[in-house]
Amino acid sequence: MFIIGLIGCCATFRESRVGLGLFLAIILVIFIAEVSAFVLGFVYREKVKTDVQGTMRSVFEKYDGQNPESRVVDYLQEQLHCCGVKNYSDWTTTQWFNSTGNNSVPQSCCQQEAKNCTGHLDQLQELNTRGCAQELESGLQSVISYAMLVILGFAIVKFFGMLSVCVLTCKKEESGYQPLYSGVFA
C-alpha cells in the first residue's frame with residue numbers, strides 16, 4: 001500500500017498522465033477485488049451454517065477425550081457454554097458415549113458454577129443444554145458482517161480515489177495555474 005500510495009503521490013505531484021493512469025489501474029484492480037470479496041461474502045454467508053454443522057458433527061464423532069480434536073471440542077463447549085452440536089442429546093449417538101457406558105456427556109458440558117458436576121444425564125440442571133452449532137454460527141456470522149462492512153468502507157474510499165484520479169487526469173492544461181515546481185510565481 002505504501003508503494004501504491006507513493007506512485008499516486010509522485011504521479012499527482014508531477015501531473016503525469018501515465019503515472020496517474022497506472023495509479024488508476026492499480027486502484028481499479030483493488031476496487032474490483034474488494035467488491036468481489038463483498039459479493040462473495042454476501043452470497044456464501046448462508047453456506048456457513050451447513051458447513052459448520054457438518055464439520056462439527058464429524059469432529060464430535062471423533063471425540064475420545066484425549067486426541068487434539070477432543071481438546072478442541074472441550075475448549076469450544078467450555079468457552080461457548082454449550083453441549084453437543086444441536087443440544088446435549090447429540091452425545092448419545094456418538095461412539096464415545098457408547099464406549100464409556102456411563103450415561104454421561106463430557107465434563108466440558110458442565111456449567112461453570114456447577115461444582116460437583118460429573119456430566120451424568122440425570123443431572124441436567126448442572127449441564128449446558130444448548131448446542132454449539134448455533135453459538136458458533138452466530139459468532140461467525142457477526143465476524144463476516146463486520147468484515148463485509150470494513151470491505152465496503154474501503155471500497156467506497158477507493159471509489160472516491162478513482163474519481164479524484166479521473167478528475168486530475170482529465171483536467172485541461174489551460175487552467176491559469178502553474179505547478180509549484182515550475183519556478184514561476186506571479
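Numbering of residues begins at 1 and proceeds along the displayed sequence. Only this structure's heavy atoms are used, side chains among them; waters, hydrogens and symmetry mates stay out.
With values rounded to the nearest 0.5 angstrom, Q77 atom CD is found 10.0 Å from C110 atom SG. Taking SG of C83 as the reference point, atom CG of L76 lies at 11.0 Å (rounded to 0.5 Å). One distance of note links CG of L24 with CD1 of I7; it measures 12.5 Å at 0.5 Å rounding.
Looking at residues two or more places apart in sequence or on another chain, you find a side chain to side chain donor-acceptor pair (under 3.5 Å) between Q123 and T118. Partners of W96 under the side chain to side chain donor-acceptor pair (under 3.5 Å) rule, at least two apart in sequence or in another chain, do not exist in this structure. When the side chain to side chain donor-acceptor pair (under 3.5 Å) test is applied to Y63, the partners found at least two apart in sequence or on another chain are D74.
Side-chain contact of N87 with T129: a donor-acceptor pair under 3.5 Å is absent, judged by distance alone.
Tracing side-chain contacts under 4.5 Å through hydrophobic residues (I, L, V, M, F, W, Y), one reaches L22 starting from I32; they form part of the same cluster.
Taking a cutoff of 4.0 Å between a charged side-chain nitrogen and a carboxylate oxygen, D51 and K47 qualify as a salt bridge.
Side chain of Q111 to backbone of L127: a donor-acceptor contact under 3.5 angstrom is found.
Pairing each heavy atom of N128 with each of Y88, the nearest pair is O-CB, 4.2 Å.
The shortest side-chain heavy-atom distance between N103 and F97 falls under the 4.5 Å cut-off.
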